[in-house]
Trainee: 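First the structure, then my questions, so here it is.
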Amino acid sequence: MVELNVNGIAHSVDAAPETPLLWVLRENLGKTGTKFGCGAGVCGACTVHLDGEAVRSCQVPLADAEGAEIKTIEGLSSGNGDLTKLQQSWIDLQVPQCGYCQSGMIMAAAALLKATPKPTDDDIDAAMTNICRCGTYSRVRAAIHRAAGTE
Amino acid sequence: MTGTINLSRRTFLGTAAAAFVVELRMTGSVAAQGTPQPQILNPFISIEQDGSVRLVAPAFDMGQGSHTSLAMILCDELGARWEDVRVEGPGINSAFIVPGVGEQATHGSFMVRSWHDPLRKAAASARIKLVRAAAARWQVPEASCTVADGRVVSGNNHAGFADLAADAAVFPDIEDPEVLGTRKLVGQPVARIDIPAKVDGRAMFGLDVRLPNMAYAAIRQAPVFGSALEGVDETSLSPDVLALVKLPDAVIAVADTFWKAKSALEDLDIRFSSSENDTATSADLRADRVANLDRGEFATPILSGDPLSILSAAQGSADKSVITAEYDTPYLAHMSMEPMNCTVHISGNRCEIWVPTQGLSATMQAAVTVTGFSEENIIIHPTMPGGGFGRKYETDFVVQAIRAAMAVDRPVQLIWTREQDVQHDFYRPAMTARMSAALSKDGKLEAFVMRKSGPSILEHTLGFPLIEGSDPIAWLGFGTQTGSAPGQLQQYDVADVAGEFAFTPTFVPVGYWRSVGASENGFFIESFIDELAHSAGTDPYEFRRNLLRSSPRALAVLEKAATEAKWGQSLPNGHFQGIALTDVVGSLVAQVIEISVPDGKLAVNRVTVAIDCGRAVNPDSVIAQMQGGIVMGLSAAINERIDIEDGRTTQSNFYDYEVAGLAATPEIDVHIIESGEALGGVGEAAIPAVAPALANAIFAATGKRIRSLPLLDHL
Ligand code: FES
Ligand code: FES
């Protein structure tokens with residue numbers, strides 16, 4: 001049994017310690033907002049926060065996540081239907097297309113804004129390496145600026 | 001109208017109501033037990049007792065916004081209130097067969113343009129039935145009734161839809177109802193109904209289906225195309241495996257979790273047979289295409305006038321010139337972000353399938369064939385797809401998932417790894433084309449011939465015979481689809497045109513890749529037109545303008561893009577532009593791409609695009625599709641290529657098949673022209689002009705004409 005803290009709630013998980021956190025979140029804990037895209041740490045669809053930092057959960061063995069504060073897209077806002085400013089900008093600018101990459105995008109953007117509240121375009125270029133095959137990048141950039149008040 | 005470009009200032013109709021207009025989960029079950037059933041006015045419209053209006057948007061929304069656009073059309077004509085509207089996707093029903101397409105599927109950029117008229121009729125019929133019910137109740141003439149905001153009104157009488165629905169449902173459908181053409185929502189930027197669930201993790205894709213007691217499956221397919229499963233050494237089989245399923249060319253492991261299934265497969269020693277393709281390479285396949293062109297046996301699906309005679313007469317003539325060039329495009333992968341997956345539960349003679357699919361009819365056919373069950377016993381729940389781009393029209397992964405589910409007594413979710421996805425795609429076919437044209441002394445285009453050699457998607461995916469030796473899919477984007485004359489070569493004014501095809505089969509699986517044949521034809525035609533312009537000593541924009549004298553609509557699109565991009569005006573130092581015009585899926589698109597090449601490295605600075613899709617139902621969705629399509633087009637043009645070595649795909653994931661990222665995305669400036677002509681498609685329309693506009697810009701910058709993709713191979 002591995003003890004996990006996800007979105008402020010403690011869980012005991014019965015899975016091998018080398019299992020990537022991604023699959024534990026999705027299958028053992030039903031947190032399907034975190035997506036599988038490549039399993040190789042390249043696409044960012046599986047991005048979650050580990051103690052406030054954006055990590056690609058397909059590359060984090062379960063054992064390494066024990067004791068950390070894990071936050072998934074489901075726990076980004078308080079959960080009463082009120083969204084973070086970032087998520088609201090995503091709606092305001094109608095960012096998602098298919099939407100599959102967007103949980104990871106938003107988690108990466110949230111970590112960026114925490115570290116760099118007023119990001120420049122260069123900051124966004126460097127931090128936002130998630131892949132979106134639908135090509136929503138212009139709106140991702142605009143929505144980050146909008147949430148940061150740096151339009 | 002011109003699309004608003006300042007994203008941050010844009011306001012959307014319906015954002016305030018976004019909390020109300022929701023997309024119903026496509027679970028297949030109509031209503032929970034005990035809840036009052038809705039009154040069904042026709043297959044598209046039913047009214048709930050609480051006054052909400054359920055609209056079936058008969059397409060699968062892949063993120064192109066078709067559910068919202070189709071619901072807007074229904075809502076306007078019905079006279080409903082947008083905040084009362086609930087939208088759901090279609091189940092299997094002959095009423096939802098795409099008009100003119102003959103199956104239930106989402107492809108070909110058909111959704112909004114094919115459904116616009118039938119949906120308005122369905123909504124008009126429902127509206128008239130509500131009026132009929134009200135008129136009968138109040139004993140007033142139908143003509144005295146008006147419908148708006150979810151209510152019928154006549155003098156002092158008024159009633160909401162919910163109140164009238166039961167009476168209205170009794171009337172038969174109206175055969176040829178009068179359409180009002182109300183435009184309250186249509187034409188406005190309306191906030192998409194699917195978006196709120198996509199920002200907080202609620203959106204359920206195929207991969208997110210969770211069923212009680214569900215098991216997971218991983219698959220390993222024969223890496224070499226054409227090779228078969230020979231055997232599996234099961235002595236080391238992990239005890240985690242609930243079932244090991246052997247298919248003719250693959251092995252599937254089923255376990256409690258995906259990680260266990262995948263790990264168990266990796267540890268297994270699986271032998272695949274040798275294949276006649278064992279040593280084949282991309283270069284061999286290209287050599288086949290070239291040899292076939294050299295052989296000179298062609299089908300001629302497109303012929304107008306006598307271009308071949310004009311070309312041979314022009315050879316060696318002093319006052320004419322003949323220009324020829326050979327172009328080549330590579331195999332491409334789709335790389336939808338959600339890998340192939342399918343969930344199946346078989347119990348007794350009943351089979352339930354949850355799948356992110358573009359092809360509902362095809363999925364049903366495949367399921368009938370594999371299970372041997374009748375259609376009534378197969379229930380398909382199409383889920384939201386995480387990208388499709390044509391790949392999710394295929395049913396290979398559905399068949400595999402059914403086989404896996406047959407082996408265990410539990411529901412099974414089959415998930416492909418990204419490696420399986422890249423190595424077992426139905427790729428955009430690689431093509432080689434020889435272009436030739438005759439120019440008069442004063443630079444007039446007198447004859448144009450494209451000879452194309454490559455595989456046939458029709459033959460490969462459907463097993464259809466070629467149509468008189470050719471595949472119509474390979475000629476998409478060559479002639480006009482917007483109904484104007486002249487229209488043999490887009491809308492260019494050249495009477496003598498031929499398109500010839502040398503069918504070159506391949507063992508590599510090929511399929512529909514966003515915009516299909518037009519994706520390479522745009523590159524061939526619009527790069528070559530640029531070559532002709534330079535040979536004629538004419539500016540490429542002016543050269544096209546001259547060819548569009550009898551096509552005011554295409555001319556307007558070209559001029560809009562050029563004017564907005566400031567074509568021909570002085571550019572920042574080191575910046576260069578290329579232009580291209582395409583005519584695909586019933587829409588006209590012109591693009592000007594501005595680049596710079598600092599230190600020999602290509603930088604795309606700005607893309608200006610004009611589109612005429614007749615009318616824009618939801619203008620913001622048109623803008624979004626242009627932006628996204630251009631990113632995908634740039635990615636393919638600059639960087640993407642699938643290689644075949646030893647009979648198999650060499651790439652395997654995003655690290656060796658790189659697709660465009662945020663940092664490389666230029667400013668994209670979209671302009672919508674409302675010509676009021678027939679609706680055109682949008683989802684694929686942006687792609688074909690990207691590669692030629694970019695290659696033409698590179699020529700302007702460097703003098704280097706790049707005739708094979710991806711461009712990065714040559715920079
Ligand atoms: S799935 Fe983890 S980075 Fe792609
Ligand atoms: S919105 Fe489809 S992959 Fe990003």
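Lettering of chains follows the sequences in order, A, B, ..., and the numbering in each one begins at 1.
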Trainee: Check whether any side-chain N or O of A:R133 sits under 3.5 Å from a backbone N or O of B:H334 as a donor-acceptor pair, and report yes or no.
Mentor: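 Answer holds: yes.
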
Trainee: Would you find a donor on one side and an acceptor on the other, under 3.5 Å apart, between the side chain of B:N653 and the backbone of A:C38?
Mentor: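 Yes.
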
Trainee: Say whether, by atom type as modelled, one donor and one acceptor occur between the side chain of A:Q94 and the main chain of B:I195 under 3.5 angstrom.
Mentor: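 Not a single qualifying donor-acceptor pair exists.
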
Trainee: So do A:E27 and B:M214 actually touch side chain to side chain, heavy atoms under 4.5 Å?
Mentor: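 The answer is no; the side chains never approach within 4.5 Å.
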
Trainee: Among A:C134, A:C43, A:C132, which residue meets the side chain to side chain contact (heavy atoms under 4.5 Å, CB included) test with B:M337?
Mentor: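 For B:M337, the side chain to side chain contact (heavy atoms under 4.5 Å, CB included) check succeeds only for A:C43.
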
Trainee: B:S635 versus chain A, heavy atoms under 4.5 Å apart: side chain, backbone, both or neither?
Mentor: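 When you check distances to chain A, only side chain atoms of B:S635 fall under 4.5 Å.
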
Trainee: Do B:D208 and A:R26 make a side-chain contact, defined as non-hydrogen atoms from C-beta onward lying under 4.5 Å apart?
Mentor: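 In contact.
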
Trainee: Between A:W23 and B:T257, is any pair of side-chain heavy atoms under 4.5 Å apart?
Mentor: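 No; the side chains remain at least 4.5 Å from each other.
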
Trainee: Strictly distance-based, threshold 3.5 Å: is any side-chain N or O of B:R210 a donor or acceptor partner for the main-chain N or O of A:T32?
Mentor: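 No, B:R210 side chain to A:T32 backbone: no donor-acceptor pair under 3.5 Å.
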
Trainee: Say whether, by atom type as modelled, one donor and one acceptor occur between the side chain of A:Y137 and the main chain of B:A660 under 3.5 angstrom.
Mentor: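 Indeed, once roles are kept as given, a pair shorter than 3.5 Å links the two residues.
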
Trainee: Sort A:I106 into side chain, backbone, both or neither according to what part of it lies under 4.5 angstrom from a heavy atom of chain B.
Mentor: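 The side chain, not the backbone.
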
Trainee: Can you tell me which of B:V659, B:D256, B:L207 forms the most heavy-atom pairs within a distance under 4.5 Å of chain A?
Mentor: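 Max contact count across the listed options: B:L207.
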
Trainee: Flag the pair B:E338 / A:K35 as yes when at least one side-chain heavy-atom distance between them is below 4.5 Å, and no otherwise.
Mentor: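 Side-chain contact under 4.5 Å: no.
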
Trainee: Where does B:I415 contact chain A at under 4.5 Å (heavy atoms): side chain, backbone, both or neither?
Mentor: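 For B:I415, the contact with chain A is made by the side chain alone.
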
Trainee: Is the closest side-chain heavy-atom distance between A:T19 and B:K260 below 4.5 Å?
Mentor: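 A:T19 vs B:K260: side chains apart.
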
Trainee: Of all heavy-atom pairs between A:C98 and B:G386, which one has the smallest distance, and what is that distance?
Mentor: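 Heavy atoms only, the tightest pair is SG-C, 3.6 Å.
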
Trainee: Let me know if B:A203 has heavy atoms under 4.5 Å from chain A in its side chain, its backbone, both or neither.
Mentor: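 Just the backbone, heavy atoms under 4.5 Å.
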
Trainee: Less than 4.5 Å to any heavy atom of chain A: does that hold for the side chain of B:V199, its backbone, both, or neither?
Mentor: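 Contact with chain A involves both backbone and side-chain atoms of B:V199.
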
Trainee: Indicate the ring-plane relationship of B:F205 and A:Y100, choosing parallel, tilted or perpendicular according to the 30° and 60° boundaries.
Mentor: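 B:F205 and A:Y100: perpendicular rings.
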
Trainee: Working to the nearest 0.5 Å, report the span between NZ of B:K198 and CE of A:M105.
Mentor: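 Answer rounded to 0.5 Å: 14.0 Å.
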
Trainee: Are any of the side-chain heavy atoms of B:I623 and A:R139 separated by less than 4.5 Å?
Mentor: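 Contact flag for B:I623/A:R139 side chains = yes.
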
Trainee: Which atoms of A:L22 are under 4.5 Å from chain B, going by heavy atoms: the side chain, the backbone, both sets, or neither?
Mentor: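 When you check distances to chain B, no heavy atom of A:L22 falls under 4.5 Å.
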
Trainee: Can you tell me how far the CZ atom of B:R192 sits from the CD1 atom of A:I91, to the nearest 0.5 Å?
Mentor: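 Going from CZ on B:R192 over to CD1 on A:I91, the span is 11.5 Å.
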
Trainee: Is it the side chain or the backbone of B:M62 that comes within 4.5 Å of chain A heavy atoms, both, or neither?
Mentor: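 It is the backbone, since no side chain atom gets that close.
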
Trainee: Which one wins on heavy-atom pair count under 4.5 Å against chain A: B:Q64, B:Q625, B:Q413, B:K262?
Mentor: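 Among B:Q64, B:Q625, B:Q413, B:K262, the one with the most close pairs to chain A is B:Q625.
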
